[in-house]
Amino acid sequence: MKDYKRYLLTAALPYANGPIHLGHLAGVYVPADIYSRYLRSKKTDVIFVCGSDEHGVPITIKARQEGISPQDVVDKYHYLNKESFEKLGIAFDIYARTTSPVHYETASEFFKTLYDKGEFTENTTQQYFDPEASQFLADRYITGTCPHCGNEHAYGDQCENCGTTLNATDLINPKSTLSGAVPILKETKHWFLPLDKHEAFLRKWILEENTHWKPNVYGQCKSWIDSGLQARAVSRDLDWGIPVPVEGAEGKVLYVWFDAPIGYISATKELTPDWEKYWKDEDTRLLHFIGKDNIVFHCIIFPAMLKSEGSYILPENVPANEFLNLEGEKLSTSKNWAVWLHEYLADFPDKQDVLRYVLCANAPEAKDNDFTWKDFQARNNNELVAVFGNFVNRALVLTHKYFDGVVPVMGETDEYDKSVLAEFAIAKDKIEKALDNFRFREALKEVMNLARTGNKYLADTEPWKLIKTDETRVKTILNISLQLSANLAILFNPFLPFTAKKLNNILQLENLDWEFGGKENLLLAGHKIARAELLFAIIEDEEIEKQLQKLRDNKAKNDAENQTLAPSKEKIEFEDFTKLDIRVATILEAEKVPKTKKLMKLLVDTGIDKRTVVSGIAEYFEAEKLIGQKVSILLNLEPRKIKGIESQGMILLSEEKDGTLHFVEPSKQASNGSQVN
RNA sequence: GGCGAGGUAGCUCAGCUGGUUAGAGCGCAUGAUUCAUAAUCAUGAGGCCGGCGGUUCAAGUCCGCCUCUCGCUACCA
């Protein structure tokens, strides 16, 4: 790797509409913080920036729901998250926000530069507009009837009943949630970043020059590039965001994905007048720490923006992690299936390092991983307490017991002593190699192994026996044990900063830089150490059970809330019903439509004819088992071509909450063609 | 369906460019030990490395096909 003069680390900007949870930490902030502490400890020139991402539609929705302003929403979560990060020891050099004046200016300028250079394309599209509120509507601000399942409260981007992704224009009877008015389609002009124009560059840059990226990152990028890049709108019709800084753009703001990554730049700008050195000098190594949901933005879109602007460097690596699950289930903010950082900090005061340790030891580096409270407890009790804490405590207690807390002299060393001393530097080397390759789990394991070496050393040399016969030998053994402890303080420091500090206090040492790691003489003979103090406490079953109960309660509460069935629809006239020609029919043939997941092509005997119907049931029924199935069918539905096959009618099915389908099945005696009324 | 990432001991995971009897931690069993927060140390049991086929003197590692999990994407009248 090139010899870089300085580092710029960015951690994904948390969206300011909710608190931080374990998934965020394990995937992004813990590894990023470890890496930045490691670099700082090596006296590297490094800046570590982050901040709140505070624009976008979801924040305006949340504000409306709670009857407060968008600014109130982002203020609340900005400060909550900033404080939570600080308490966990995530030491950003700056935690900025995208509503700051510096960011407004930076993002506007960035847009303006690209605009002036002709890097955008313009396009006029039809968007829903609320004539009463006289503004354009984000998809989320439109509700209507889902064309798929008939749910009357579907949103313009998605129907939450059947889970289908929608376009606002798909909705039947659309309504504005702002005023209740019927929205009208109106032309609106937007600017687009033509990613397709950058395809050649991206292909070469990523696929040829960045083959060292992690497989999950590289593969994801390849997938995107190969499937063809498309222009992306960089502006939206919204009143919450950074105004598009060109004439004729009233009521338009920068699309949140465009302004958010620029937040890294503006944060740096707020931090230091030297910011350009970090963003525009090829001797800077730029690294983006993110979760896998952000790969496309950081590896394709943001680099395309930076490249278009022209004066910025591009990321050298994007060590994205996968996701963390919780007790076997996906984390879900909306289902409240999560462990929130601010709640953890309140429930487990002074256990920041335990969480840091567990999340790093079990980080989802190569694949999704599971966080369980039981594992949390086991790692604390079996590793932090039993291996690290216990070893240090043994060394300290023995030193106090035999030598009144004064570091004894290291006398003549035998082969075994020498091999243990040599381990210091070997361990340091392994840890460095692992960290340099973003292998945090492995690095942490190596530090812990050094503590294991210490426990073994004491067990093998048995100073508590030797003290009766050979005090000189005991002095050497304890000196080495204390040197090992001092090394642990240095090597654990990036991972467990609170504990490292505590240990240094006990050893009466300053926080030593990384370069001292591996050394055999960090503590001089005659140096007085402080009273022994336990580094970690055992976590009892009750505490774990409490957390599990909390999760179960949340789940039960959530299930109860979700059991509410869709409200009944508006009344209709009898005539409306009689328009529907529903008949009894029997499936004669069934065959899965090739190249689809859900579609089944059916031939049904309706009594009056035999017709083809395409139905989205293939996920729940096998073709062979459908033959002979009695069904209800809506006959007089306008035929429609699906995947090139004309579907003449609709099979009636009921749908459970989890999406399972059941036929509305007539009794066996009902004959084909008989009417349902 | 397409693309991407995974599928290695009961659990969580390492195994780089193919090369001796497949590794670690936890858990389990047995023994040792008592300086230490019943912590520590040693030994051991436990694996058709998702399945099938192929390339090779040699495959967990390379190539096909299949299967399961996760993500993106298409489809859903």
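Below, read A as the first sequence line, B as the second, and so on, with proteins coming before strands; counting in each chain starts at 1.
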Asker: Using the ring of each side chain (for Trp, its six-membered ring), is A:Y255 parallel, tilted or perpendicular to A:W257, with breaks at 30° and 60°?
Answerer: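 Ring orientation, 0 to 90° scale: tilted.
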
Asker: Both distances below 3.5 Å, Watson-Crick or wobble geometry, any strand: find the nucleotide opposite B:rG18.
Answerer: none

Asker: Would you classify A:E383 as touching base, sugar-phosphate or nothing, given that sugar-phosphate means primed atoms plus P, OP1 and OP2, and contacts are heavy atoms under 4.0 Å?
Answerer: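 The answer is sugar-phosphate, as A:E383 gets under 4.0 Å only of primed atoms, P, OP1 or OP2.
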
Asker: In the strands shown, is B:rA29 matched to any nucleotide by a Watson-Crick or G-U wobble pair with both distances under 3.5 Å, and which?
Answerer: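 In the structure as shown, B:rA29 has B:rU43 as its Watson-Crick or wobble partner.
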
Asker: A:D370 CG to B:rG10 C1': how many Å, rounded?
Answerer: 15 Å

Asker: Which nucleotide, B:rA5, B:rG4, B:rC35, lies nearest any side-chain atom of A:P215?
Answerer: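 Nearest listed nucleotide: B:rA5.
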
Asker: Please verify the inter-ring angle class for A:Y35 with A:F438; under 30° counts as parallel, over 60° as perpendicular, anything in between as tilted.
Answerer: tilted

Asker: Rounding to the closest angstrom, what is the interatomic distance between B:rA14 and B:rC49 at atom C1'?
Answerer: 13 Å

Asker: What nucleotide, of B:rC35, B:rC72, B:rU40, holds the atom closest to the side chain of A:V387?
Answerer: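 My answer, after comparing the listed nucleotides, is B:rU40.
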
Asker: From the options B:rC72, B:rA39, B:rC70, select the nucleotide whose nearest atom is closest to the side chain of A:K292.
Answerer: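 Minimum distance to the A:K292 side chain belongs to B:rC70.
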
Asker: By nearest atom, which of the nucleotides B:rG71, B:rA36, B:rU37 is closest to the A:R394 side chain?
Answerer: B:rA36

Asker: Is any side-chain N of the basic residue among A:E208 and A:K204 closer than 4.0 Å to the acidic one's carboxylate O?
Answerer: no

Asker: Among B:rU37, B:rG4, B:rA77, find the nucleotide with the atom closest to the side chain of A:S223.
Answerer: B:rG4

Asker: Output yes when A:K292 and A:E322 qualify as a salt bridge under the 4.0 Å nitrogen-oxygen rule, no when they do not.
Answerer: yes

Asker: Does the structure show a Watson-Crick or G-U wobble partner for B:rC49, both distances under 3.5 Å? Name it, or say none.
Answerer: none

Asker: Given that A:V217 and A:Y402 both sit by RNA chain B, which one's nearest nucleotide is further toward the 5' end?
Answerer: A:V217

Asker: Name the residue closer to the 5' end of RNA chain B, choosing between A:E442 and A:N393 according to the nucleotide with the nearest heavy atom.
Answerer: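 Looking at the nearest nucleotide for each, A:E442 comes out on the 5' side.
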
Asker: Could you tell me the separation between the CG atom of A:D368 and the C1' atom of B:rG7, rounded to a whole number of Å?
Answerer: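 A:D368 atom CG is separated from B:rG7 atom C1' by 13 Å.
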
Asker: When both hydrogen-bonding distances must be under 3.5 Å and the geometry is Watson-Crick or G-U wobble, what is B:rG23 paired with, if anything?
Answerer: B:rC13

Asker: For the pair made of CD in A:E327 and P in B:rU12, what is the distance, rounded to whole Å?
Answerer: 12 Å

Asker: Could you measure between the two P atoms, the one in B:rG19 and the one in B:rU61, and give it in whole Å?
Answerer: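 Pairwise P distance, B:rG19 against B:rU61, rounds to 11 Å.
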
Asker: Among B:rA77, B:rC35, B:rU40, which nucleotide has an atom closest to any side-chain atom of A:N455?
Answerer: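 The closest nucleotide is B:rU40.
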
Asker: Check whether any side-chain nitrogen or oxygen of A:K367 sits under 4.0 Å from OP1 or OP2 of B:rC70, and answer yes or no.
Answerer: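 It does not, given that no N or O in the side chain of A:K367 lies less than 4.0 Å from OP1 or OP2 of B:rC70.
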
Asker: Who does B:rA59 pair with, Watson-Crick or G-U, both distances under 3.5 Å?
Answerer: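 B:rA59 is paired with nothing.
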
Asker: Ignoring the backbone of A:M650, work out which of B:rC41, B:rA77, B:rU33 is nearest its side chain.
Answerer: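 Side chain of A:M650 sits closest to B:rA77.
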
Asker: By the definition side-chain contact (heavy atoms from CB on, under 4.5 Å), identify the one residue from A:L496, A:N390, A:I539, A:V358 that meets it with A:L384.
Answerer: A:L496

Asker: Among B:rU12, B:rC3, B:rA42, find the nucleotide with the atom closest to the side chain of A:K456.
Answerer: B:rA42

Asker: Taking 4.0 Å as the cut-off, does a side-chain nitrogen or oxygen of A:N216 come that near to OP1 or OP2 on B:rG6?
Answerer: no

Asker: Determine the interatomic distance between P on B:rU43 and the same-named atom on B:rA36; round to the nearest Å.
Answerer: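 About 25 Å, rounded to a whole number of Å.
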
Asker: What is the minimum heavy-atom distance between A:P408 and A:T399, and which atoms define it?
Answerer: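 Smallest interatomic distance, heavy atoms only, reads CD-CG2, 4.4 Å.
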
Asker: Please determine whether a side-chain nitrogen of the Lys or Arg among A:D417 and A:R473 lies less than 4.0 Å from a carboxylate oxygen of the Asp or Glu.
Answerer: yes

Asker: Paired with B:rA5: which nucleotide, if any, by Watson-Crick or G-U wobble criteria at under 3.5 Å for both distances?
Answerer: B:rU69

Asker: Please determine, for the side chain of A:A459, which listed nucleotide (B:rG25, B:rU34, B:rC41) has the closest atom?
Answerer: B:rC41

Asker: With both distances under 3.5 angstrom, what nucleotide forms a Watson-Crick or G-U wobble pair with B:rA36?
Answerer: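 Base partner found: none.
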
Asker: Out of B:rU33, B:rG71, B:rC26, which nucleotide sits closest to the side chain of A:N382?
Answerer: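 Shortest atom-to-atom distance from the side chain points to B:rC26.
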
